[in-house]
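What follows is a short report on a single structure.
The chains referred to below are lettered A, B, ... by the order of the sequence lines, with proteins before strands, and numbering in each begins at 1.
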Amino acid sequence: MSDTIASTDAAATAGPRKGSLLVLDKRTRKRNAAEARFRLMGQIAVTIGVLALVGLLTSILMNGLSSFRQTYIQVSVYLDPAKLDKNGNRNLEDIAKVTTFGYAPLLKKALADKMAKEGISIEGLSEKDAAALISKEAPADLRRYVLAHPTSIGKTVSFNLLASGRIDGYYKGRVTMESAKLDRNVSPQQLMLADKLKADGVLTTRFNWEFFTAPDASDTRPEAAGLGVAILGSAYMMLVVLVLSLPLGVAASIYLEEFAPQNALTDLIEVNIANLAAVPSIVFGILGLAVFINFAGLPQSAPIVGGLVLTLMTLPTIIIATRAALKAVPPSIRDAALGVGASKMQSVFHHVLPLAMPGILTGTIIGLAQALGETAPLLLIGMVAFVREYPGAPPEGFFDPASALPVQVYNWTQRGDPAFVERASGAIIVLLVFLVLMNLIAIILRRRFERRW
Amino acid sequence: MNQMTEVEQKAVEMLNEPKIVARNVQVYYGDTHAIKDVDVDIPAQSVTAFIGPSGCGKSTFLRTLNRMNDTIDICRVEGDILIDGEDVYDPKVDPVQLRAKVGMVFQKPNPFPKSIYDNVAYGPRIHGLSRNKTELDEIVTSSLQKAGLWDEVKDRLDAPGTGLSGGQQQRLCIARAIAVNPEIILMDEPCSALDPIATAKVEELIDELRENYTIVIVTHSMQQAARVSQRTAFFHLGVLVEEGPTEDIFTNPHDKRTQDYITGRFG
Ligand SMILES: Nc1ncnc2c1ncn2[C@@H]1O[C@H](COP(=O)(O)OP(=O)(O)O)[C@@H](O)[C@H]1O
Ligand SMILES: [Mg+2]
């Protein structure tokens, strides 16, 4: 024991032997330092990236999550036949003649009755001001209900009506008593009434299904604005893009990669495809406007036009990804197939394509995801128009005007009412969820195809 | 000789007629002249070895025999290559049909990333060689048996072919080639990626296959050529220097270059 200590001491005092493995030489130390620096830089870069992402997501979630909840007011409305069906014959044509203005008084009366029944009264609050708690969209909803159920006229029906945007904002922290004093659209008395109604369970907040199904609403009715038309429009466009760009892109790639002779023409095509992938998307919008709308005469704002434009935009991405995937298949597989007497096409379709499939699918879905989030070209072909009508069922629906998710986001951020900022953030969340879903599908499909072998 | 009838004479000629005849073959890769003036006769039911230093054009010449060179854009072949007296490069010949008759085994084992069964069954399937599953099973079984792989894989025909060892993979590739019932099998350095034991197995297999097939094998190993082949052709810089019975080439070469090569003075 003492021996070993003595010997190590001796070694320490004598200094390290030249060329000892236990001592780092200068070059090694320098190299290690360089490696440590590089690692640190990498870690910093990753951290910055992650922080940026987290910051972005937090801000979007903070702003947007509240759009998935909405404030409603529950009232029983007497559908007065004297107002809704003056002739008393329940003729739908006559009933349809009563505009939403005819329905507003019913709501005003219903709310006043409710307040009287519950014994709620607010000083300095007129019946009209109280009725303003209910969204301007509510009479239209009521009218739609009556037209769908004419037999309900003369009965008292309980409705869950949208509260106005300011009242909704009050429960989401956007509106306060102080801000209400300065606000032309809402008064502190109205907020007090809202609080009383809430205490009585008349006013409730629940999950906002309408956000996903309702169409867009006008500037003064943020509470009614939904993504229904935009989601449908985006889905239609993605369908068009998928159906057109996948077969076109894959066929073009296979031809270029496996069959086309190497010559000046194919070189030119190749360069052009690479360039097309780098062309700013708005250029495709101009092209779409000129070719599909002005020349071919397709309707504006239609998913078919959006889909065609996005197909043009997506094709280069798909072709480049597919060609890379085809190139990655080892040539020995092609040789093997040709060697047993398979034709070129058999070798491609039986062996090369299945092996390239994961790459092709990934490329396609990345292309689709890009197309889903694309805004600029859609603005040019009129998808930014205010559309309240749902497009019809395909295939005719492809030609009906529609909106698209990213355009809806853009559109809402342009509006004055701060409630639309919340809606826009909510729409971004929906868009992100769709993108995540698409990537998930890509991963699942990839696993599927890879597991075959 | 003059006592033979005309018919008998024809029959003898038929028997002696080489399976493959190459005359004045030139191969170019763009401007590179890779094969120059090659004339060679390859007899049926025997093993012919191509030897020579790396880059001398053995593979290139081998690939002209089943027109695998067609897949290389810049490759151009001139001269005549006859199989059973028919010009392989005749415009009427479909290379796909040709390759069913002239199978090929490559340097690196290249099984399809599919099951062992599907690897062997692929050729018969695309050529419609079986009418039903039973017949296909039979073809697969007999091909694997002929390739000497049956006993090793009979319990796991559904396992991926790529999961086999290198030597097994190469024998699987041979089974795959046999399954389409070719007359000629071309092998391009089939053992260069294998260990000595696997090599011995494949060599044994080649010797057995000789009975039913005409085999042309490229090898960089002179010992292998000596072990498996009946005839040997020595290539050097794109030229066929010398060709003859294997024994003669190794014991009594006529050309100085052949002599130098087999005595290991270059290579
Ligand atoms: N695909 C090709 N493209 C261009 N040149 C090639 C190609 N394949 C082979 N060559 C050239 O042809 C010559 C013969 O090659 P190869 O037949 O592969 O030789 P070996 O099989 O005898 O080693 C070499 O000089 C090689 O560089
Ligand atoms: Mg070679």
Side-chain angles (χ1 to χ4, degrees), chain A residues 252-271 322-362 445-453, chain B residues 30 59 63 66-74 94-115 118-129 143 158-163 169 172-182 185-188 193:
Chain A
S253 315
I254 291 178
Y255 178 73
L256 284 174
E257 200 55 48
E258 307 282 341
F259 292 93
Q262 277 290 321
N263 57 28
L265 184 67
T266 44
D267 281 352
L268 188 74
I269 292 174
E270 217 155 288
V271 169
T322 305
R323 293 190 65 181
L326 291 173
K327 267 204 186 84
V329 175
S332 63
I333 295 294
R334 296 178 178 85
D335 284 347
L338 296 179
V340 292
S343 69
K344 186 103 198 176
M345 214 172 109
Q346 285 172 327
S347 102
V348 170
F349 281 91
H350 295 168
H351 301 286
V352 178
L353 203 55
L355 287 176
M357 217 49 179
I360 294 175
L361 288 177
T362 313
L445 285 177
R446 222 155 82 190
R447 288 268 166 82
R448 250 275 155 88
F449 274 98
E450 269 168 3
R451 213 179 288 154
R452 267 223 221 140
W453 296 292
Chain B
S59 302
R63 289 161 64 91
N66 69 343
R67 292 183 59 173
M68 276 303 269
N69 283 335
D70 289 14
T71 58
I72 300 168
D73 278 341
I74 55 168
D94 188 313
V96 168
Q97 213 174 320
L98 169 69
R99 288 183 202 131
K101 183 169 168 171
V102 186
M104 188 156 194
V105 177
F106 298 84
Q107 185 165 356
K108 213 176 121 255
N110 57 354
F112 298 126
K114 297 176 186 256
S115 72
D118 285 337
N119 261 282
V120 183
Y122 181 66
R125 271 193 193 128
I126 60 172
H127 294 298
L129 298 185
S143 302
D158 289 333
T162 41
Q169 286 190 17
L172 178 62
C173 293
I174 294 173
R176 182 176 67 189
I178 293 172
V180 292
N181 207 11
I185 302 176
L186 309 176
M187 301 187 177
D188 191 353

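In this structure, the separation between OG on A:Ser343 and CD1 on B:Ile126 is 7.0 Å, given to the nearest 0.5 Å. Note that NZ of A:Lys344 is 10.0 Å distant from CG of B:Asp70, once rounded to the nearest 0.5 Å. The distance from atom NZ of B:Lys114 to atom NE2 of A:His350, rounded to the nearest 0.5 Å, is 7.5 Å. Atom-to-atom distance recorded for A:Gln346:CD and B:His127:NE2 is 7.5 Å, nearest 0.5 angstrom. Atom CG in A:Asp335 sits 5.5 Å away from atom CZ in B:Arg63 (nearest 0.5 Å).
Here the closest heavy-atom approach between residue B:Phe112 and residue A:Ala336 is recorded as CE2-CB, 3.7 Å. Heavy-atom minimum distance, B:Asn110 versus A:Ser332: ND2-O, 2.9 Å. Nearest approach of A:Leu338 to B:Arg99, heavy atoms of both residues: O-CD, 3.1 Å.
Taking the six-membered ring where tryptophan is involved, the planes of B:Tyr122 and A:His351 are perpendicular, since the angle between them exceeds 60° and thus also 30°.
With a threshold of 4.5 angstrom between heavy atoms, B:Pro182 does not approach chain A through any atom at all. Only the side chain of B:Asp73 comes within less than 4.5 Å of a heavy atom of chain A; its backbone N, CA, C and O stay farther away.
Counting heavy atoms from C-beta on, the side chains of B:Pro113 and A:Ile333 come closer than 4.5 Å.
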